[in-house]
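These numbers come from the heavy atoms of this one structure, side chains and all, not from hydrogens, waters or symmetry mates. Every chain is numbered from 1 and lettered A, B, ... according to where its sequence line falls, protein lines coming before strand lines.
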Amino acid sequence: MDYGTLFIQQIINGLHLGSIYALIALGYTMVYGIVRLINFAHGEIIMVGAYTSYIMMNVFGVNIVVALIAAVIVCSIFGVTIEKIAYKPLRNAPKMWALITAIGVSFFLQSTVMVIFGVNAIPYPTLFSDLIQVGSLQISQIMIVSLALALALMLSLELFIKKTRLGKAMRASSEDAEAAALMGISVDKTISTAFMIGSALAAIGGVLFAVAYPQIKPLMGVMPGLKAFIAAVLGGIGVIPGAMLGGFILGLIESLTKGFVSAFWPNATLWADAILFSVLIIVLLLKPSGILGKNVREKV
Amino acid sequence: MEKKKFNPTITFIVAVLGSYIAFIVCMQQGIINNYISGIIVSILINVIMAVSLALVTGYLGELALGHAGFMAIGAYGAAITTMHLELPIYIEFPIGLMFGGMLAAIVGVIIGIPALRLRGDYLGIITLGFGEIIRIILNNMKITNGARGLSGIPSYSTFTITFFITAITIAILYKIINSRTGRAIVAIRDNEIATDCVGISTFYYKTLAFAIAAFFAGIAGGLYAHYHTVLVPSSFDFMQSIEILIIVVLGGMGNLFGTIIAAIVLCTMNEVLRSFSEYRMIAYSLVLIIMMICKAKNITFTSLKAKLTNKKGA
């Protein structure tokens, strides 16, 4: 394969990976936008989604679409319940306390799944693995499915946020929760909605991730969660289009370093994560609010 | 009548020597066996880590998620020094520890200068990024033997050495916190803009706090390396930083004594829960969540007791 084709191939892979990161990053960004909490348990929601779909397919023998819907429902319930039990009591507490609770929830979900299913990776059924040849490019069906699904979801989320009453309420709460409450918006309800939508998107991201790398394990959510979080920060945390942009940028960087740069520099794969973090650091230093974030001037 | 004031220096020295003698007696009597004294050494290392992070997170009020990175630098710096110097322990071990600590402090300044322009969650994220980069670099360097790790490090971190280094660390940090520097650091936490306005260089004191914290984390790393005698980069990952942060937050922000207690309690709890094997992390995470909720709702043992007695009375 010549370098041109390799480059385009890795761009396609990057878009695939990026669409998954973007879906997960949306959850981080929506929650952060309203409650200013880095929801460390979000990565574990990905894992719960993947495990739910696995159980649905292997135990109940349903097809992937039903399994995906089940994962979405289970994760939405998880997301809202976690918010009600663990985060709501800490809403007015110092931010770092809520952060520790989020880490606690994340540990709890990981270790519970570990006790139930064991530490080892479980092979996930291979789906949509047929390759489509376009010239010398190889595109697997899952790439098209992931990208189409992710784009459709992002478009509908954007419409939801911009056009519906609840979406407007969410935007208002994220701009100024107190003022929004004074205008008669139920901030509690908007927070629950943010957690629900975020967890539902994470569930879809988790299932797509499990299909793309066909295995599931209790710690599978940690790295995608962390990277999606970086994506959210990169694009400007709290800004919804920013999360999508950040997700795609991250996916492209990762697959280009692992697949394209490694053709010239074999060690690139080992350094891929360091490159991701360096990009994050450089962007934050040049524009602390992220690529699409608004600069908020500090008031005295 | 005038109240008798305790001299903190004398109280501290008495407490340190007293507990040291108590430990030594217990060891000689066989009450504390080798296994437990090993655990005590690792608890002491965690205490150093926690009090050093307390300076940044508790007193300066900045979220730092990459503290394990500095520990890793100190650990590798010290280990490589003692492995290459062919000198007696009482010369090469202090040199190794100081080298590891200084190296961590230098990296702390290099990271701190750009990172400390950001604040709050963003600073947390950028330190997380630097911590991960440090780990990946250690994973790919020849001198650190990459992911396979370094082994054959001399076993120097005895109980006595670790105990006294911990005591000295606490004493130095206590002195710093109660000095002009410490007051400047706390002022930055309470109101950065006001601090800047009265002519205190916030940038200088932030970087200084960061460097001091990195230095002691490096020392802790050096002790860790010479206690375990084996080093792998993966033991200094993001989770390690998080565990130290948990100790600092639980101990109370800006409370050195609370941080020490929290470090001892959490590490002991970790060891006790070991008998639950696979349920250990479930129990640990639940305790964490419940503790934070209780803290936020101001539920303490005394308030619970008062509630119960009130109900009985009514």
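Atom-to-atom distance recorded for B:I289:CD1 and A:I85:CD1 is 9.0 Å, nearest 0.5 angstrom. Distance check, rounded to the nearest 0.5 Å: CZ of A:F108 to CG of B:L286 gives 5.0 Å. Interatomic distance, B:I126 CD1 to A:L284 CG, rounded to the nearest 0.5 Å: 5.0 Å. Considering OH of B:Y279 and CE of A:M114, their distance stands at 14.0 Å, rounded to 0.5 Å.
Looking at B:L118, only its side chain comes within 4.5 Å of chain A, counting heavy atoms on both sides. Both the backbone and the side chain of B:I137 have a heavy atom closer than 4.5 Å to some heavy atom of chain A. Neither the backbone nor the side chain of B:L250 comes within less than 4.5 Å of any heavy atom in chain A. Residue B:F130 touches chain A through both its backbone and its side chain, counting heavy-atom pairs closer than 4.5 Å. For a residue to count as touching a neighbouring chain, one of its non-hydrogen atoms must lie under 4.5 Å from one of that chain's; by this rule A:I38 touches chain B with the side chain only. Residue B:M291 does not touch chain A at all, counting heavy-atom pairs closer than 4.5 Å. In this structure, no portion of A:Y87 lies under 4.5 Å from any heavy atom of chain B. With a threshold of 4.5 angstrom between heavy atoms, A:L109 does not approach chain B through any atom at all. For A:I275, no part lies near chain B; criterion is any non-hydrogen pair under 4.5 Å. If you measure heavy-atom distances from B:I246 to chain A, the contacts under 4.5 Å come from both the backbone and the side chain. The part of A:R36 that comes within reach of chain B is its backbone (N, CA, C, O), which places non-hydrogen atoms under 4.5 angstrom from that chain.
Heavy-atom pairs under 4.5 Å with chain B were tallied for A:F107, A:W97, A:F229; the largest tally goes to A:W97. If you tally non-hydrogen atom pairs under 4.5 Å between each of A:A102, A:S106, A:P89, A:A98 and chain B, the highest count goes to A:P89. When the candidates A:A274, A:S278, A:A93 are compared by the number of heavy-atom contacts under 4.5 Å with chain B, A:A274 comes out ahead.
Other residues, nucleotides and ligands place no more than 12 heavy atoms under 6.0 Å from the CG atom of A:N92.
When A:V233, A:I281, A:L234, A:I230 are each tested for a side-chain contact (heavy atoms from CB on, under 4.5 Å) with B:I125, only one passes: A:V233.
In this structure, B:E62 and A:M96 approach most closely via the heavy-atom pair C-CE, 4.4 Å. Heavy atoms only, all atoms of each residue included: B:R117 and A:L285 are closest at NH2-O, 3.4 Å.
Here the side chains of B:E132 and A:D273 are not in contact, with every heavy-atom distance at 4.5 Å or above. At a threshold of 4.5 Å between non-hydrogen side-chain atoms, the residues A:I237 and B:Y122 count as touching. Using a 4.5 Å heavy-atom cutoff, the side chains of B:V249 and A:L99 are not in contact. Contact annotation: the side chain of B:N139 never approaches that of A:L270 to less than 4.5 Å [non-hydrogen atoms, C-beta and beyond].
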Between B:L288 and A:V105, does the side chain to side chain contact (heavy atoms under 4.5 Å, CB included) criterion hold? Intermediate values first, please.
CA-CA 9 Å; B:L288 216 57; A:V105 172; over 6 Å; no

